[in-house]
Amino acid sequence: MLTLDGCMGEGGGQVLRSSLSLSARTGQAFRIDNIRAGRRKPGLLRQHLTCVRAVAEVCGAEVEGASLGSTRLVFRPGPIRAGTYHFAIGSAGSAHLVLQTLLPVLWAADGESEVVVEGGTHNDWAPPFPFLDRAFAPAVSSMGAVLDLALEAHGFYPAGGGRVRALVAPSRFQPLEWVERGAIAQVRPEAVVSGIPTRIAVDEIRVMASALNVPVSRPRTVEDPMGPGNLCWLDVEFETGSAVFCGFGKKGVSSHRVAKQAVKAFKQWRAVDVPVDEFLADQLLLPLSFAGSGTFRTTEPSLHTRTNAEVIQAFTGQQFRFEDEGTGAFRVTLG
Amino acid sequence: MSDNPVTIVGLLGVNLDRGHGSKRWTKWRPTPSLFQQDDLEVARMVLLYDSDYAAMANAVRRDIRNLSPNTSVELVLVRFDDPWDFEEVYGALHEFAHGTSFTEDEELLVHITTGTHVAQICLFLLVEAGFLPGKLLQTRPPRRDESVGGYSIIDLDLGRYDRIATRFEAERREATGFLKEGIDTKSPAFNSLIDRIERVAAATTAPLLLMGPTGAGKTRLAKRIAALKQQRKQVEGALVVVNCATIRGDGAMSALFGHVRGAFTGAASDRSGLLRQADGGVLFLDEVGELALDEQAMLLRAIEEKTFLPVGSDREVSSDFQLIAGTNRDLREAVAEGRFREDLLARIDLWTFRLPGLAERREDIEPNLDYELEQQSRLHNRRVRLNREARTRFLQFAGSPEATWTANFRDLNAAVTRMATLSDSGRIDTTVVDEEVGRLRDAWRVTQRDVVYEVMGDLADEMDRFDRAQMAEVITVCRASRSLSEAGRMLFAVSRQRKKSSNDADRLRKYLAKWGLSFDEVRLRA
């Protein structure tokens, strides 16, 4: 059985989530030890457990060690079944982490699936919905993935209560060749508030717009808000694709600073002249692995990304190359 | 935590759980915060609320469902007119606990952060008493770098906390050390007996029965138990020691239970009696089997009802004491012979401890020798000790089956006292030891004649002196041996060396059988 050390690389939930996706797709059973060893709360937390249970349900896996605080998990996948699924992550954990673990599995199913995940949709340690919808989805769709996402309710930490629905169909992935960015066509400043004054979103949009010298847009307000929350982002369209850069609203942090976060992330990416940003790079490794080959250019790969590559290699033997171009740009290549 | 589904029972915190609009999410609310924990998964929440707060309970339920869609939330109406009234709150919560079923395989956590302090106390009591079969759960507000606050589970099984368990263990060791008078005894049987006594003495006020041959240390142990109980404030009164063998006859009743003036000729004034003196303390009745039947009946009543009638009085007096009884006789036999009341035996036979004789704990002779030397040093105000050679020689003899220690510690104490007295400088040498060994041999030889009576009863009179001498030696050796084989090896040690194979045990068994005896009988009829 394939055995992974939970301490490898970034040593958090990433190793687990990628392993679950790959295991279900390849039919390869695995064991993972030392899950989140050395963390303040070691072992599986609710969000991880929800991922394990979700993938196990979809592929009828046999699982050992699927309990809170467990530092060892054994996962023996069965055949993937298309269908209608509903998962709730609880504790306002990120619904998207669950969704992103499930999507690669459902793309390999024998029919269309519908999956609803309840939980946080705009949390600051996981990709928020605008990123999923406007950066991730278009990128994987261009490779052949069939995916339709709908945000049915906003869920901000810590109140939660968000809901995302995804329609997924079996997909064949085409190799990706995405090295040039081309001209930036449009930069749209966006902001959403939940349960707090709209003025905050207006301020954020104004700060982003004036920093980048682009027109303002209408702020979004969550109707029937469950809890307080705020997110602002720059929706960027360029010649070869799209990207999203976020600023996360937090209690005690001024709207000005939140807006500047998004602007700074955008400028860093723009300065390097690559099409793929740090977060999307991480998300593209699995699709590249499914396609069998491909290449893209990005900013300096994060530890998350490198860990992801290691996990993929462990399951498939595929080896990613990370080439430093010396200008802050990196070329990631498979095959 | 176990994999069993978690159920939380808690009161709606009418102040702490309150919150309006989306602002409520920026405030710490203990009950909803339980569902924001990334390492706690709750299958069922039982939220107790008062009818005045139904709207708020429903709002909290909605928030919980939102935070944790897989948790089922049950609202249970509990009515207290005054949530600060202990009796009322305890009654209502007890009724809830009584009427709610919790399955074996659900892990119950009782949330005590919400509700009045009185409610917290009541929940604690219900958990401690097992009416709510779970653990206590408390929540705390977020620290500076947190947004949801934390929780902790308090397990009331104190044995599970290392530092507390270590402290208890140390206290226990101190207590058992105290019972052993600081003597570092090695006999595992004796040490575990002392452990048991320590635990029982700490936990009960019921009578204790110390059984054991004369001189085994019953009185000494009873005194230490009483002192330990006094130290632990479990008794306040004094220890009263009575040897029942010394108060037989007419005066016994009055000595024990007291009398009033004029109760009988010579009763010139009131006498309170030993039982009355032991009120609030400990009464040690040694040789309890020697009490006459009348006194036994009175004693039984005094134990059961804590009251009795002094001689000549028509007014009952009361005395509440912890009874420790001692005996070197088999009281069951005494019951069979009609000399001891069966109901009294049943009453005092609840916690029975058999003290082994010194011959059965030879590994403890050395530490006890040191203890006796220490006592002598204190008495003579100078250091009393054996030189190395003398010590080796004494211990060699003391540990051999030849040394029967018929009077147990009394023998050892007497031996050390004599040796200390006979040594000029306090240094006991081999000459003194050799003399003492001779004295002990003589003393035990004399008692050997009696051991035949002990084992054979009147049959001994019908034995030839020749047979009796032989039997006396056999009994002595058997009693000092742990098994038939060991006794056989001892008795046939010389002929054994000349033989290729030995069947000493068989020879001994046949010898005993000729007289209708078995090894166990010889040992038990002491």
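Each chain gets a letter, A, B and so on, in the order its sequence line appears, and its residues count up from 1.
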Atom CZ of A:Phe129 with >12 non-hydrogen neighbours under 6.0 angstrom: yes
task: Using the side chain to side chain contact (heavy atoms under 4.5 Å, CB included) rule, take A:Leu45 and B:Gln37 through it: C-alpha gap first, then chi angles, then the decisive distance, then the call.
output: CA-CA 9 Å; A:Leu45 298 180; B:Gln37 305 297 326; over 6 Å; no
field: Side chain / backbone / both / neither for A:Pro225 at chain B, heavy atoms under 4.5 Å
entry: neither
query: When rounded to the nearest 0.5 angstrom, what is the spacing between CG in B:Leu40 and CZ in A:Arg46?
result: 7.0 Å
message: Does atom CD (B:Glu95) have a neighbourhood of more than 12 heavy atoms from anything else shown, all under 6.0 Å?
response: no
- prompt: Closest heavy-atom contact between A:Pro158 and B:Leu67?
  reply: O-CD2, 3.1 Å
message: Restricting to non-hydrogen atoms, name the atom on A:Gly227 and the atom on B:Trp25 that form the minimum distance, rounded to 0.1 Å.
response: CA-CD1, 3.3 Å
Most contacts with chain B, counted as non-hydrogen pairs under 4.5 angstrom, among A:Glu118, A:His48, A:Lys250: A:Glu118
Atom pair CD (B:Glu41) and CG (A:Leu44), whose distance is rounded to the nearest 0.5 Å: 11.0 Å
statement: Per-residue tally against chain B (heavy atom, under 4.5 Å) across A:Ala88, A:Gly162, A:Ser70 peaks at A:Ala88
- request: Examine whether an atom of B:Arg65 lies under 4.5 Å from a heavy atom of chain A, and if so say whether it belongs to the side chain, the backbone or both; otherwise answer neither.
  value: neither
Atom CZ of B:Arg232 with >12 non-hydrogen neighbours under 6.0 angstrom: yes
- prompt: About how many Å separate CG of A:Leu49 and CG of B:Asp38, when rounded to the nearest 0.5 Å?
  reply: 11.5 Å
- prompt: Nearest 0.5 Å, what's the CZ-CG distance between A:Arg53 and B:Asn70?
  reply: 8.0 Å
